[in-house]
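Notes to accompany the following structure.
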Amino acid sequence: MDDKQQRIQRLKDSLPIIATGNEHVGLYELNNKSAEKYIRQYLRGNYINKDTGDIIRISRKGAEKVTRHDAENTAHLQSIALIPTMIREAIYITEESNEKDKTDYESFRYYVVGLKINDEDYTAKLVIGVKNGETYYDHALTKIEKSNLLRSIDEIKRPFASKETSNDESHAFDILSECKDKRLISILQIF
């Protein structure tokens, strides 16, 4: 089993982070301005990822990026209170050079973790910028339980034995068609 297969297996075996959806109460309101202020004032600092032992810092850039998208998505706003926990618990998947993004990061490391907020399952992709250390850059939620997502990716990548699509493959296509995060699907594929 190669390194990426082992990382994917660790992700499959990992438990999701369980959250009530109320972790933000008393910290910030469910809007991007309040969440950004919370990150800037309280989350800045260093956090250790259990999977790699790497120190990942949260800086001003992370506060700006994560609150600039999905501002109407309640689960995304709720997940901001969970950033330290996600950094600690996420499984490192891969690193890709920064060829498109106009940041000063040389590359981006991708971490993934299962997340359950108020009994709703999500797969969270964390993006960590790399240059003179690792810095939290952003995260995104996909409303698909991580095991279902991984199983669907496995189903799709199998060679088709016949011209007919099996029920499992049809179900996998349905699940993956719901996933808007194509980068997440891409990094979870094993070739």
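Every heavy atom of this structure was used, including side-chain atoms; hydrogens, water molecules and symmetry mates were not.
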- Task: Might you confirm whether atom CD of Glu95 has over 12 heavy atoms from other residues, nucleotides or ligands at distances under 6.0 Å?
- Result: yes
- Here the gap from Ile128 atom CD1 to His139 atom NE2, rounded to the nearest 0.5 Å, amounts to 10.5 Å
- Query: Should Thr142 and Tyr122 count as side-chain neighbours, where that means a heavy-atom distance under 4.5 Å?
  - Reply: no
- Task: Would you please test Arg183 and Glu96 for salt bridge (Lys or Arg N to Asp or Glu O under 4.0 Å) and show each step?
- Result: CA-CA 11 Å; Arg183 172 70 68 197; Glu96 296 178 359; 2.8 Å; yes
- Item | Ile187-Val130 co-clustered via ILVMFWY side chain contacts under 4.5 Å | no
- Task: Compute whether any side-chain donor of one residue and acceptor of the other, for Glu89 and Tyr111, lie under 3.5 angstrom apart.
- Result: no
- Arg7/Asp51 under salt bridge (Lys or Arg N to Asp or Glu O under 4.0 Å): CA gap, chis, key distance, verdict: CA-CA 9 Å; Arg7 292 188 297 265; Asp51 184 49; over 6 Å; no
- Which of parallel (below 30°), tilted (30 to 60°) and perpendicular (above 60°) describes Phe108 and Tyr137? tilted
- Task: Only counting residues at least two apart or in another chain, list the ones meeting side chain to side chain contact (heavy atoms under 4.5 Å, CB included) with Glu106.
- Result: Lys131
- Applying the side chain to side chain contact (heavy atoms under 4.5 Å, CB included) test to Ser14, which of Val113, Val112, Ile91 qualifies? Ile91
- Side-chain H-bond candidate by donor/acceptor type, Glu23 with Thr20, under 3.5 Å: yes
- Task: Using only heavy-atom distances, determine whether the side chains of Asn32 and His69 contain a donor-acceptor pair under 3.5 Å.
- Result: no
- Message: Could you tell me if Arg57 sits above the aromatic ring of Tyr136, with its cationic atom closer than 6.0 Å to the ring centre and no more than 45 degrees from the axis?
- Response: no
- Are Ile48 and Tyr42 joined in one hydrophobic group, where the rule is that I, L, V, M, F, W and Y side chains link up if heavy atoms are under 4.5 Å apart? no
- Message: Check this for me: Lys33, atom NZ, are more than 12 non-hydrogen atoms of other residues, nucleotides or ligands nearer than 6.0 Å?
- Response: no
- To the nearest 0.5 Å, how far apart are CD in Glu120 and CG in Leu115? 11.0 Å
- Residues at least two apart in sequence or cross-chain that pass side chain to side chain contact (heavy atoms under 4.5 Å, CB included) with Asp121, listed by chain then number, are Lys116, Glu145
- Side chains of Thr52 and Asn49: donor-acceptor distance under 3.5 Å anywhere? yes
